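The model shown is predicted, which means the values in this text are computed figures rather than measured ones.
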Amino acid sequence: MEKNRISYHESVVQMYKHLQEDGMSNVWDRYEAQGFGDPDTRCAFCTAGARCDLCSNGPCRADAEKDKRGVCGISADAMAMRMMLLRNVMGTTTYHYHTDKTVHTLRETAKGNTSFTIISPEKLRNFAGRLGVSPDGTDEEVALRVCDMVEKDFSRPVTEPSEVVRRLAPPERQETWAKLGIFPGGIHPEIMNATGSCLTNVDSSYVSLALKAMRLSVAMAYQSQIVCEYLQDVLFGIPEPHTVNVDLGVLDPDYVNILPNGHEPFLGFALIEAARNPTWQKKAQDAGAKGIRIIANIETGQEMIQRWKTDDVFWGYTGNWIMQEAILATGTIDVFVADMNCSLPLDPLYAEKYRFHLLPVSDLVAFEGIDERLNYVPAEAHEQAEKILAMGIENYPIRRRDVTPVTGLPTREAVVGFSPESITAALGGSLDPLLNLIKDGTIRGIVGLVSCTTLRDSGQDVHSVAVAEALIKRNLLVLSMGCGNAAMQVAGLCVPEAATKAGDGLRGVCESLGIPPVLSYGTCTDTGRCADLVFAVSEALGGVPIPDLPVAVAAPEYMEQKATIDAIFALAFGLYTYVNPIPTVTGGPKLVKLLTEDLKDVTGGLLSVEPDAEKAADGILAHIEGNRTKLGI
């Protein structure tokens with residue numbers, strides 16, 4: 001494949017050549033092989049979302065122009081939206097799986113059953129107060145009350161409004177959602193209702209299905225994402241800005257390298273704590289290594305690097321999910337710790353070739369041919385971490401004997417750890433300085449870049465970087481989340497020096513505050529945290545409705561099902577939402593019109609699609625400038 005179809009990052013381009021030399025199946029060649037004549041051309045019906053195989057009468061194809069429907073009679077519009085809602089269900093359930101584990105971990109910690117502690121008691125009490133839970137008593141008592149409250153809300157009937165949403169969401173949004181009938185109950189019943197609606201011959205209205213998707217997204221953002229991230233802050237600390245090492249050069253073959261991978265950071269933090277014990281470092285040295293290093297990977301790694309500073313043990317961060325096979329092929333890995341998300345099906349072939357342990361640590365994760373596993377149990381986290389360290393030390397001499405590692409790969413730095421609290425602290429304890437910069441036009445607005453990475457239309461991170469650079473050039477401050485965050489970090493946009501790529505206004509702000517033009521804001525789960533920051537901005541401006549704020553969302557390279565529910569929430573929240581690649585809904589013209597035009601008069605949100613980075617940035621800026629005019633700033 002051409003270089004720009006592989007990756008923005010030179011390290012990955014280099015490793016792609018190595019993968020081909022080793023004859024390894026890889027994500028780039030597999031993508032190219034799926035194309036009809038060229039990599040991006042696929043089945044026209046599938047690309048349009050006008051295909052369904054949910055019952056034995058199918059697979060069916062629909063054509064709205066000819067009124068060609070599925071065997072059951074479903075229209076192309078409803079067919080496309082039904083498949084989108086099913087993706088939303090998958091995204092929601094995996095987000096909430098993470099949240100359930102977080103609540104369970106906090107509960108067991110409060111009971112004194114884990115090696116973790118409540119690091120941020122002030123965050124715990126503040127969050128308890130927002131939830132209407134008494135902040136009085138010991139930290140442990142407050143934590144247990146919070147766990148009780150949110151778990152009860154998760155199962156609240158759909159006929160009863162969620163208490164978590166009622167207490168955390170902007171009042172103006174709550175009023176809109178109630179009028180539309182999309183104010184959710186508990187997330188567990190909402191998942192059931194959404195899934196049941198997708199059964200053949202149940203809900204065949206594209207409008208109804210779209211409303212159900214937005215209702216589910218509201219439950220997900222508040223009950224899953226915000227609860228998850230804020231309770232992780234309680235356990236592992238509130239993100240604060242600091243510098244980390246990134247890119248594939250962080251992998252040194254002379255160390256025992258253990259990579260927690262996925263989306264749940266629990267064992268990752270336990271591994272850091274255990275590996276910092278000199279006894280374990282001595283054991284690694286006795287095995288011939290320089291020591292043990294814990295290397296952060298993908299979204300689990302983002303959770304880790306945002307909260308904890310790196311050192312000689314917690315050494316750095318590699319990158320996002322498409323890089324995974326490139327990472328494994330470096331021949332530097334001893335244990336790949338696979339939690340709930342983003343471990344690739346062919347990892348067992350890589351484990352055999354490059355001599356590392358592939359260890360699932362979640363009951364969600366399984367690989368063909370891999371029987372060894374160690375499912376995470378909060379009360380056993382320390383002991384499980386030590387077992388993984390021992391596994392890595394045992395593997396080290398085998399790897400060094402059998403595999404020639406790739407060395408000399410690049411390393412760069414990134415500033416990470418921005419959060420609502422740390423952004424406010426950097427501004428002197430108030431959002432006023434930021435708001436004043438927006439009011440006077442120095443910064444035109446804020447864009448939340450909530451993205452994955454995909455090979456559709458361009459190489460890994462190529463489009464994400466192009467969109468981010470186009471945004472900052474237009475004096476738009478970017479908050480980056482998800483795998484797209486790794487794109488920004490490894491591309492060098494998350495350092496103060498990147499201010500040279502920004503417009504005059506944003507560049508001056510970055511230089512005066514010593515901050516990057518792209519603020520590293522966390523994982524895809526931080527979408528809810530970002531919505532909470534937007535709410536704070538709305539309140540600070542005197543209660544400006546969310547749709548009227550100089551704010552937008554961009555997903556330049558969305559990929560999987562979590563991203564689709566994030567986008568639907570942004571629309572329900574009332575935000576201009578840019579996505580790329582073009583979603584698989586184009587076979588439903590009425591649905592497209594609803595999402596890209598009519599929704600503005602429903603929730604205030606609007607979906608924008610544009611494959612050209614400069615035009616996409618122009619569209620975002622035009623929306624923000626329109627809102628600035630509306631606000632008189």
Side-chain angles (χ1 to χ4, degrees), residues 1-35 37-40 245-259 261 289 293 295 297-298 301 316-336 338 342-358 367-370 392 395-412 453-462 465 483 486-487 490-491 559:
M1 295 181 74
E2 296 179 2
K3 181 178 178 180
N4 70 336
R5 290 311 308 262
I6 299 167
S7 176
Y8 179 88
H9 314 296
E10 189 59 42
S11 59
V12 179
V13 174
Q14 184 176 337
M15 285 306 304
Y16 172 70
K17 296 175 183 176
H18 181 71
L19 287 167
Q20 289 202 310
E21 291 169 358
D22 281 357
M24 296 298 289
S25 172
N26 61 79
V27 66
W28 295 275
D29 292 344
R30 294 193 298 269
Y31 180 84
E32 188 173 35
Q34 288 291 333
D38 74 82
D40 300 315
N245 301 313
V246 298
D247 210 346
L248 296 186
V250 301
L251 296 164
D252 186 333
D254 294 331
Y255 284 83
V256 175
N257 289 307
I258 298 175
L259 274 65
N261 178 83
R293 279 181 173 171
I295 304 295
N297 213 44
I298 307 183
Y317 176 81
T318 53
N320 53 31
W321 81 269
I322 280 181
M323 303 171 67
Q324 185 169 140
E325 291 165 341
I327 292 164
L328 300 178
T330 60
T332 60
I333 314 303
D334 291 295
V335 188
F336 191 75
C342 290
S343 294
L344 302 189
L346 285 186
D347 284 354
L349 295 183
Y350 280 74
E352 180 180 3
K353 171 75 174 178
Y354 300 107
R355 306 293 279 169
F356 61 87
H357 279 281
L358 177 59
F367 302 95
E368 289 186 12
I370 300 294
N395 187 76
Y396 176 80
I398 299 170
R399 170 176 63 82
R400 294 300 275 140
R401 181 193 67 206
D402 295 348
V403 181
T404 301
V406 178
T407 57
L409 296 168
T411 304
R412 66 165 71 232
T453 181
T454 178
L455 297 181
R456 186 79 182 181
D457 302 323
S458 62
Q460 174 210 9
D461 297 342
V462 170
V465 173
C483 273
V490 180
M559 189 275 293

Min side-chain heavy-atom separation [X]-[Y] under 4.5 Å:
X	Y	result
M24	K353	yes
Y350	L19	yes
R293	V256	no
Y354	I333	no
L346	R30	yes
S7	I322	no
V12	Q460	yes
L358	F367	yes

To the nearest 0.5 Å, what is the distance between [atom1] ([X]) and [atom2] ([Y])?
X	Y	atom1	atom2	value
L349	L344	CG	CG	11.5 Å
T404	D22	OG1	CG	9.5 Å
L455	Q34	CG	CD	12.0 Å
L248	Q14	CG	CD	9.0 Å
L328	T318	CG	OG1	9.5 Å

[X] to [Y] - nearest heavy-atom pair and separation:
X	Y	answer
C483	I298	SG-CG2, 4.2 Å
D461	A487	CG-CB, 3.2 Å
G316	V250	CA-CG1, 4.3 Å
L409	S11	CD2-O, 4.2 Å
I370	P348	CG1-CG, 3.8 Å

Tell me which one of T407, I327, V406 satisfies side chain to side chain contact (heavy atoms under 4.5 Å, CB included) with L251. I327
Test side-chain hydrogen bond (donor to acceptor under 3.5 Å, both in side chains) applied to D252 - qualifying residues, sequence neighbours left out: none
Restricting to side-chain hydrogen bond (donor to acceptor under 3.5 Å, both in side chains), what partner residues turn up for T454, sequence neighbours left out? none
Using modelled atom types only, decide if a donor and an acceptor are shared between the side chain of [X] and the backbone of [Y] within a distance under 3.5 Å.
X	Y	answer
W321	T453	yes
R399	P253	yes
Q324	C342	yes
E325	V27	yes
R355	V403	no
N320	A486	no
R400	D254	no

So which pairs with a foot in residues 9-33 pass ring-ring contact (aromatic ring centres under 6.0 Å, His included), sequence neighbours left out? Y16-W28
Are side-chain N/O atoms of [X] and [Y] paired as donor and acceptor at under 3.5 Å?
X	Y	result
R5	S458	no
N245	T411	no
D334	Y255	no
T332	N257	no

What do you reckon, is CD of Q20 surrounded by more than 12 foreign heavy atoms closer than 6.0 Å? yes
Checking side chain to side chain contact (heavy atoms under 4.5 Å, CB included) for the pair D402/I398: CA distance, chi angles, key distance, verdict? CA-CA 6 Å; D402 295 348; I398 299 170; 3.8 Å; yes
Under the side chain to side chain contact (heavy atoms under 4.5 Å, CB included) rule, what do F336 and D347 come out as? Steps first, then yes or no, please. CA-CA 9 Å; F336 191 75; D347 284 354; 3.6 Å; yes
